[in-house]
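To start, the structure under review is shown below, and the notes come after it.
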Amino acid sequence: MKKNKLIKIYNKLLDHFGRQYWWPADTPFEVMVGAILTQQTSWTNVEKAIAELKKERLLSPRKILRTPASKLHKIIRSSGYYKQKEKKLKIFCRFLINIDRASITRTQLLSLWGIGRETADSILLYALGKPIFVVDAYTIRIGERVGLFKAEGYEHVREYFESNLPRRLTLYKEYHALLVELGKNYCKPKPLCDSCPINRLCQFCEVR
DNA sequence: ACCCAGGTGGCCC
DNA sequence: GGGCCACATGGG
């Protein structure tokens with residue numbers, strides 16, 4: 001595959017931020033829990049909730065299922081939307097204990113209440129090792145500003161990345177992680193272009 | 001006091 | 001298919 005714009009951006013990000021070694025977790029199940037808890041929530045808030053789950057020795061599907069809702073609410077409170085997320089965790093754990101993890105499909109995950117596209121794909125890529133490119137709000141925002149696509153939906157963006165990148169797990173994992181890093185630090189709703197590592201590719205930066 | 005965060009489901013048209 | 005809303009905590 002010849003060197004395309006996607007690879008150029010990747011190399012810039014890698015030079016600037018270095019390897020990310022995503023997803024940060026001790027076990028695949030911790031990845032899955034984190035993927036649910038981080039929905040529309042900053043990771044620092046999720047870390048606190050996961051630390052609480054570990055402290056209570058609850059980081060297993062059966063133990064979460066045995067924990068009363070009110071207790072789980074307190075434990076994961078810092079991750080926000082804690083009533084919804086308690087339900088989402090229980091529904092997901094119930095699904096998980098009755099299945100061979102290697103056989104889990106995207107369609108199965110998407111059929112669960114509380115598991116949308118980004119959460120399903122994060123679980124597939126980072127917990128189950130399937131080559132699915134994870135798209136999030138940053139990916140779409142950055143892609144639009146850089147001029148890769150315009151107002152595309154989730155599936156189109158995912159296909160765009162998957163069809164223009166070699167199908168490699170570590171590349172998918174690190175690319176998504178680097179886009180999050182760029183998004184958190186620079187590519188916010190109000191762009192901070194001054195020291196953005198991909199300036200000259202982003203139309204906002206070129207305007208300045 | 002705002003604005004933002006590694007979304008999702010339910011509703012409406 | 002897209003647009004709007006509720007959901008909730010914590011940090012800048």
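From a predicted model like this one, the values you see are computed outputs, not experimental measurements. Note on naming: letters A, B, ... go to the chains in the order of the sequence lines (proteins, then strands), and numbering restarts at 1 for each one.
- With sequence neighbours excluded, the residues that form a side chain to side chain contact (heavy atoms under 4.5 Å, CB included) with A:Glu181 are A:Phe17, A:Gln20, A:Lys184, A:Asn185.
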Between the protein and nucleotides 11-13 of chain B, which nitrogen or oxygen pairs are less than 3.5 angstrom apart?
none

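- Remark: A:His156 pairs with no residue by the ring pair (Phe, Tyr, Trp, His ring centres under 6.0 Å) rule, at least two apart or across chains.
- Non-hydrogen atoms lying under 4.0 Å from DNA chain C are contributed by nothing in residues 171-190 of chain A.
- Residues satisfying the ring pair (Phe, Tyr, Trp, His ring centres under 6.0 Å) criterion with A:Phe161, sequence neighbours excluded, are A:Phe133, A:Tyr175.
- By the ring pair (Phe, Tyr, Trp, His ring centres under 6.0 Å) test, A:Phe95 is found to be paired with no residue, residues two or more places apart in sequence or in another chain being considered.
- If you take CD1 of A:Ile76 and C1' of B:dG7, they are 15 Å apart, rounded to a whole angstrom.
- Under the salt bridge (charged side-chain N to carboxylate O under 4.0 Å, His left out) criterion, A:Glu174 pairs with A:Arg19, sequence neighbours left out.
- Residues of residues 106-113 of chain A having a heavy atom closer than 4.0 Å to DNA chain B, listed by number: A:Leu112, A:Trp113.
- The stretch residues 90-99 of chain A participates, sequence neighbours left out, in these side chain to side chain donor-acceptor pair (under 3.5 Å) pairs: A:Glu86-A:Lys90.
- Every residue two or more places apart in sequence or in another chain was checked for a side-chain hydrogen bond (donor to acceptor under 3.5 Å, both in side chains) with A:Lys190, and none qualifies.
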Got a list of side-chain donor-acceptor pairs under 3.5 Å for residues 35-45 of chain A, not counting sequence neighbours?
{"unit_1": "A:Thr38", "atom_1": "OG1", "unit_2": "A:Thr41", "atom_2": "O", "d": "3.2"}
{"unit_1": "A:Gln39", "atom_1": "OE1", "unit_2": "A:Lys88", "atom_2": "NZ", "d": "2.7"}
{"unit_1": "A:Gln39", "atom_1": "NE2", "unit_2": "A:Gly114", "atom_2": "O", "d": "3.0"}
{"unit_1": "A:Gln39", "atom_1": "NE2", "unit_2": "A:Thr119", "atom_2": "OG1", "d": "2.9"}
{"unit_1": "A:Thr41", "atom_1": "OG1", "unit_2": "A:Gln39", "atom_2": "O", "d": "2.9"}
{"unit_1": "A:Thr41", "atom_1": "OG1", "unit_2": "A:Ser79", "atom_2": "O", "d": "3.1"}
{"unit_1": "A:Thr41", "atom_1": "OG1", "unit_2": "A:Lys85", "atom_2": "NZ", "d": "2.9"}
{"unit_1": "A:Trp43", "atom_1": "NE1", "unit_2": "A:Glu47", "atom_2": "OE2", "d": "3.4"}
{"unit_1": "A:Asn45", "atom_1": "ND2", "unit_2": "A:Ser78", "atom_2": "O", "d": "3.4"}

Using a cut-off of under 3.5 Å, enumerate the N/O to N/O pairs linking the protein to nucleotides 4-8 of chain C.
{"unit_1": "C:dC7", "atom_1": "N3", "unit_2": "A:Tyr81", "atom_2": "OH", "d": "3.3"}
{"unit_1": "C:dA8", "atom_1": "OP1", "unit_2": "A:Lys83", "atom_2": "N", "d": "3.1"}
{"unit_1": "C:dA8", "atom_1": "OP1", "unit_2": "A:Gln84", "atom_2": "N", "d": "3.3"}
{"unit_1": "C:dA8", "atom_1": "O4'", "unit_2": "A:Tyr81", "atom_2": "N", "d": "2.9"}
{"unit_1": "C:dA8", "atom_1": "N6", "unit_2": "A:Tyr81", "atom_2": "OH", "d": "2.3"}
{"unit_1": "C:dA8", "atom_1": "N1", "unit_2": "A:Tyr81", "atom_2": "OH", "d": "3.2"}

